[in-house]
Amino acid sequence: MDVRVKETYDEISDEAAELVLEELRKKPDCVLGLTAGSSPMGLYQRLQAAYREGRADFSRVRIFTLSEYIGLEEDNEQSFAYYTRKNFCDGLNLSEKNICMPNGMADDIARECARYGEAIAAAGGIDTMILGIGPNAHIGFNEPGPCFVPETHVVELSDATRAANARFFDAPDDVPHWAVSMGMRDIMFARNILLLASGPGKTEALALAVAGDITPKAPASLLQLHRGAIVIADRIAAKRLPGYECDLP
Ligand code: GLP
């Protein structure tokens, strides 16, 4: 994997933005896969700034979000749909028809998973996938388990993931137990992958992802088999990676 270690979160975001803007220049109708969470916020702000300043045009870009909680309405502030509209779409000139998200309120959730997978395939797959990483090395909501799940699927969230995401909710018990997630095949078929990680909470997960065995017990480890995966991390998150060991607290 191409590991790039930066001093600050701003530098991580700058580098990621440069890579996404370069992709956009090369392919104005590129397909982006988007994670939610705090890791990509700086990147999304930079993309919005580039649009405001006339340096980027998103009118032909299509987006697919990685995951969604089951049981949260699109306008629920904790839903990933709400997050994505607020922190990404609202500041850009995306066309509404190019905003694709799994519907966590669908009556037939199995059918919704199939529909989402077909929509990704019909778009020709993802060009650039933006990933964060969970403390247990999950990506999207591909949780540690006995096997990698290739397609969009329903996931029962682990206690670790619910605890990590509780900070976005009024109370820990409000975190949904179930979610829909893009599967590992759609992630691995992306032409480019950018995984962003910062802070001490990501150190162990990043070590598992980059330097551990390839195992479904650490889903992000599968990225080691991807040709274009780039990890952009700060020194604390990277401190257990070979060559970047240090005694930062
Ligand atoms: C959630 C999301 C992931 C995200 C992860 C890390 O569980 N489903 O896609 O990467 O959290 O989030 P953060 O960047 O806020 O640490």
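If you're wondering where the values come from, they're calculated on a predicted model, not measured in any experiment. When a residue number appears, it is its place in the shown sequence, counting from 1. Counting starts at 1 for both ligands and their atoms, following the listed order.
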Check whether any heavy atom of Arg167 sits under 4.0 Å from an atom of ligand 1. yes
Just jot down the ligand 1 atoms closer than 4.0 angstrom to any heavy atom of Phe141, in number order. 7 (O), 8 (N)
Please write down residue, atom name and distance for the protein heavy atom closest to atom 4 (C) of ligand 1. Thr35 OG1, 3.7 Å
Distance-only donor-acceptor check, side chains Asp57 and Ser59, under 3.5 Å: yes
Within ligand 1, which atoms have a heavy atom of Ser39 less than 4.0 Å away? 13 (P), 14 (O), 16 (O)
Atom indices of ligand 1 within 4.0 angstrom of Phe80 heavy atoms, with elements: 8 (N)
So, do Tyr83 and Phe168 have ring centers that fall under 6.0 Å from each other? no
Under 4.0 Å to a heavy atom of Ser38 - the qualifying atoms of ligand 1, by number: 13 (P), 14 (O), 15 (O), 16 (O)
Numbered atoms and elements of ligand 1 in range of Gly140, under 4.0 angstrom, heavy atoms: 2 (C), 3 (C), 8 (N), 9 (O)
With a 3.5 Å cut-off and no angle check, do the side chains of His153 and Ser181 form a donor-acceptor pair? no
Does Thr161, backbone or side chain, put an N or O under 3.5 Å from an N or O of ligand 1? no
Heavy-atom contacts with Gly132 under 4.0 Å: which atoms of ligand 1 show up? List them by number with element. 10 (O)
Start with the C-alpha distance between Glu143 and Asn136, add both sets of side-chain angles, then the distance that settles side-chain hydrogen bond (donor to acceptor under 3.5 Å, both in side chains), and finish with yes or no. CA-CA 8 Å; Glu143 290 277 43; Asn136 60 0; 3.0 Å; yes
Report, in ascending order of atom number, the atoms of ligand 1 lying under 4.0 Å from any heavy atom of Asn165. 1 (C), 7 (O), 11 (O)
Note: Ile133, heavy atoms under 4.0 Å from ligand 1, region reported as backbone
Partner of Tyr69 under ring pair (Phe, Tyr, Trp, His ring centres under 6.0 Å), chosen from Trp178, Phe80, Tyr82: Phe80
For atom 12 (O) of ligand 1, state which one of Ala179, Gly199, Gly37 supplies the nearest heavy atom. Gly37
Got the closest protein heavy atom to atom 16 (O) of ligand 1, with its distance? Lys202 NZ, 2.6 Å
Give me the nearest non-hydrogen protein atom to atom 7 (O) of ligand 1 as residue plus atom name, then the distance to 0.1 Å. His138 NE2, 2.7 Å
Side-chain H-bond candidate by donor/acceptor type, Asn192 with Asp127, under 3.5 Å: no
